[in-house]
Amino acid sequence: MNTETTAIVSKLLDSPKKIAIIGHKNPDGDAVGSCLGLQFLLKQMKHQADVVMPNDFPEFLKWLPGCDAITIHEKATERSKAILEVADVIFTLDFNALNRSGDLCPILSESEASFVMIDHHQAPDDYAVATYSDTTMSSTSEMVYHFMSALNKIDLLTKDIATQLYTGIMTDTGSFRFAATTAITHNVIAHLIEVGADNASIHQNVYDTNSQDRLRLLGVALKNLNILPEYRTAYITLSQNELDEHNFKKGDTEGFVNYALSVKNVVFAVIFIENTQEAIVKMSLRSKGDFSVNEFARSHYNGGGHNNAAGGRSTKSLTKTVSEFISILPSYKDALIHDS
Ligand code: 5GP
Ligand code: MN
């Protein structure tokens with residue numbers, strides 16, 4: 001975090017404040033871990049700090065220290081409105097455009113609180129008085145660690161904060177294997193473990209909680225895997241029926257797209273997930289090397305994210321969405337084929 005941003009944040013936090021901490025819609029491990037870590041820090045600094053999420057977060061995160069006190073806007077709208085109404089400062093974490101906050105967006109847009117952004121996605125919007133944006137970072141949770149350091153508050157790192165931040169970094173880096181994982185990330189992780197983050201049990205809590213339904217749904221996803229070698233592309237579809245047959249719960253499809261990306265020579269992978277309730281097809285896009293799924297998702301699917309991991313959506317039917325996707329690929333053939 002640069003000195004100017006540090007100075008603005010230090011000034012904002014130099015007296016006790018009412019603070020709301022917001023994560024993005026469909027919060028993942030990084031959103032939940034970073035928001036909780038920041039909340040536990042700010043409370044120690046004598047601020048009143050509440051975490052508000054637009055909608056619920058996955059079961060596999062429901063053991064994190066402090067997660068029971070998270071306000072879910074979709075379930076507790078009055079409480080979340082009350083928190084946001086009195087907030088002096090609003091931190092937005094793991095997203096950089098207010099429309100990523102779902103139904104909280106209109107409330108945030110109207111708010112007169114001072115906004116602080118901590119985020120690692122590309123192309124941040126300009127809504128905050130302090131923007132800590134770094135697209136080279138592995139995760140927002142790693143940034144919360146650096147934020148603590150910049151404010152000279154690393155002494156306040158507790159076992160709980162270490163656990164929350166470890167979980168965010170682990171989930172966003174695919175257990176420390178994606179390209180954005182650096183030596184500095186590993187230094188941060190080493191410190192988190194020193195302070196008490198129990199790496200083995202965190203890993204088990206997050207990844208070893210498969211239900212039979214989820215594994216069978218993975219079986220369906222793998223059966224539906226399609227490979228287009230001429231574009232070094234692979235995709236998976238899941239229809240609403242297939243989800244229903246396996247009692248789909250939020251988070252169940254997390255990581256499925258990585259199986260498509262793991263196919264030899266494939267550099268671009270997409271999973272298309274039908275959501276009849278929202279009348280959309282949700283897409284998760286992943287790539288290896290230089291092919292930017294962020295640009296692809298922005299250009300065609302009203303989405304975005306990072307170079308190698310992005311999301312988007314289509315309002316067409318599942319079949320139409322897939323056939324359109326295939327029809328777009330020829331214009332990216334050079335980029336896909338020449339990629340390493
Ligand atoms: P996922 O595929 O896991 O939902 O998302 C992959 C990455 O892209 C995450 O970092 C996520 O925050 C981001 N992302 C997902 N959907 C969107 C979207 O609609 N817009 C933007 N800007 N980013 C997204
Ligand atoms: Mn993240």
Side-chain angles (χ1 to χ4, degrees), residues 21-38 53-55 57-58 60-61 91-102 105 117-125 127 132-147 164-176 178-181 185 188 206 221 235-236 238 250-261 268-273 275 278 280-287 292-315:
I21 306 165
I22 319 292
H24 54 79
K25 189 176 175 196
N26 300 327
D28 57 6
D30 190 28
V32 179
S34 62
C35 286
L36 287 173
L38 180 65
M53 293 292 175
N55 60 345
F57 53 95
F60 63 76
L61 298 171
F91 279 80
T92 63
L93 265 58
D94 204 35
F95 68 98
N96 61 18
L98 292 182
N99 63 12
R100 294 274 293 127
S101 67
C105 182
M117 180 205 300
I118 305 179
D119 180 64
H120 65 138
H121 295 91
Q122 297 191 343
D125 274 358
Y127 59 78
Y132 174 26
S133 162
D134 187 343
T135 58
T136 69
M137 281 284 158
S138 70
S139 54
T140 301
S141 297
E142 183 180 336
M143 296 175 77
V144 169
Y145 178 96
H146 298 308
F147 175 92
Q164 293 151 343
L165 299 184
Y166 186 102
T167 303
I169 299 171
M170 179 188 79
T171 52
D172 247 33
T173 57
S175 298
F176 319 111
F178 298 153
T181 313
T185 313
V188 170
V206 171
Y235 68 90
I236 290 171
L238 282 173
K250 197 173 279 299
D252 277 354
T253 55
E254 196 83 32
F256 283 12
V257 65
N258 293 322
Y259 288 93
L261 194 62
F268 181 28
V270 183
I271 186 167
F272 299 90
I273 303 173
N275 181 334
E278 292 186 30
I280 59 166
V281 174
K282 165 85 181 87
M283 302 168 58
S284 284
L285 305 94
R286 300 290 185 270
S287 66
S292 172
V293 287
N294 170 53
E295 281 168 31
F296 192 91
R298 272 175 204 276
S299 305
H300 303 288
Y301 297 108
N302 194 25
H306 310 280
N307 268 339
N308 296 131
R313 68 202 49 74
S314 153
T315 49

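Atoms within each ligand, like the ligands themselves, are counted from 1 in listed order.
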Under 3.5 Å between any N/O of [X] and any N/O of ligand 1: does that happen in this structure?
| X | answer |
| --- | --- |
| His121 | yes |
| Arg313 | yes |
| His306 | yes |
| Leu285 | no |
| Asp28 | no |

(message) Other residues, nucleotides and ligands only: do more than 12 of their heavy atoms fall within 6.0 Å of OH on Tyr127?
(response)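 For Tyr127, atom OH is crowded (more than 12 foreign heavy atoms under 6.0 Å).
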(message) Taking Thr140's backbone N and O only, do any of them form a donor-acceptor pair with Asp30's side chain (distance below 3.5 Å, no angle check)?
(response)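 Pair found, side chain donor or acceptor close to backbone of Thr140.
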(request) For the pair Ser287 (side chain) and Asn307 (backbone), establish whether a donor and an acceptor sit closer than 3.5 Å, ignoring hydrogens and angles. (result) yes
(request) Ignoring hydrogens and angles, state whether a donor on the side chain of Asp119 or Ser133 is under 3.5 Å from an acceptor on the partner side chain. (result)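 Distance-only check fails for Asp119 and Ser133.
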(request) Applying side-chain contact (heavy atoms from CB on, under 4.5 Å), name anything that partners Ala260, two or more places apart in sequence or on another chain. (result) Leu225, Ala234, Ile236, Ala269
(request) Name all residues meeting the side-chain contact (heavy atoms from CB on, under 4.5 Å) criterion together with Asn302; count only those two or more places apart in sequence or in a different chain, and write none if there are none. (result) Arg313
(request) I would like to know whether Phe256 and Leu238 meet side-chain contact (heavy atoms from CB on, under 4.5 Å); could you show each step before the answer? (result) CA-CA 10 Å; Phe256 283 12; Leu238 282 173; 4.1 Å; yes
Among all protein heavy atoms, pick out the one at the shortest distance from [atom]; state its residue, atom name and that distance to 0.1 Å.
| atom | result |
| --- | --- |
| atom 23 (N) of ligand 1 | Gly304 O, 3.0 Å |
| atom 7 (C) of ligand 1 | Ala309 O, 3.6 Å |
| atom 11 (C) of ligand 1 | Arg100 NH2, 3.6 Å |
| atom 4 (O) of ligand 1 | Lys282 NZ, 3.3 Å |
| atom 16 (N) of ligand 1 | Gly311 CA, 3.3 Å |

(request) Count up the protein N, O or S atoms sitting under 2.8 Å from the Mn ion (ligand 2), would you? (result) 4
(request) Just say parallel, tilted or perpendicular for the rings of Phe272 and Tyr235, cut-offs at 30° and 60°. (result) perpendicular
(request) For this output row, return yes or no: ring centroids of Tyr145 and Tyr132 closer than 6.0 angstrom. (result)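 No, the ring of Tyr145 stays outside the 6.0 Å limit from the ring of Tyr132, centre to centre.
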(message) Is the contact between Arg286 and ligand 1 made by the side chain, the backbone, both, or neither, using heavy atoms and a 4.0 Å cut-off?
(response) side chain
(message) Using a 4.0 Å cut-off to any heavy atom of Ser284, which atoms of ligand 1 qualify?
(response)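 Answer, ordered by atom number: 1 (P), 2 (O), 4 (O).
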(message) Tell me every residue that passes salt bridge (Lys or Arg N to Asp or Glu O under 4.0 Å) with Lys282, counting only those two or more places apart in sequence or in another chain.
(response) none
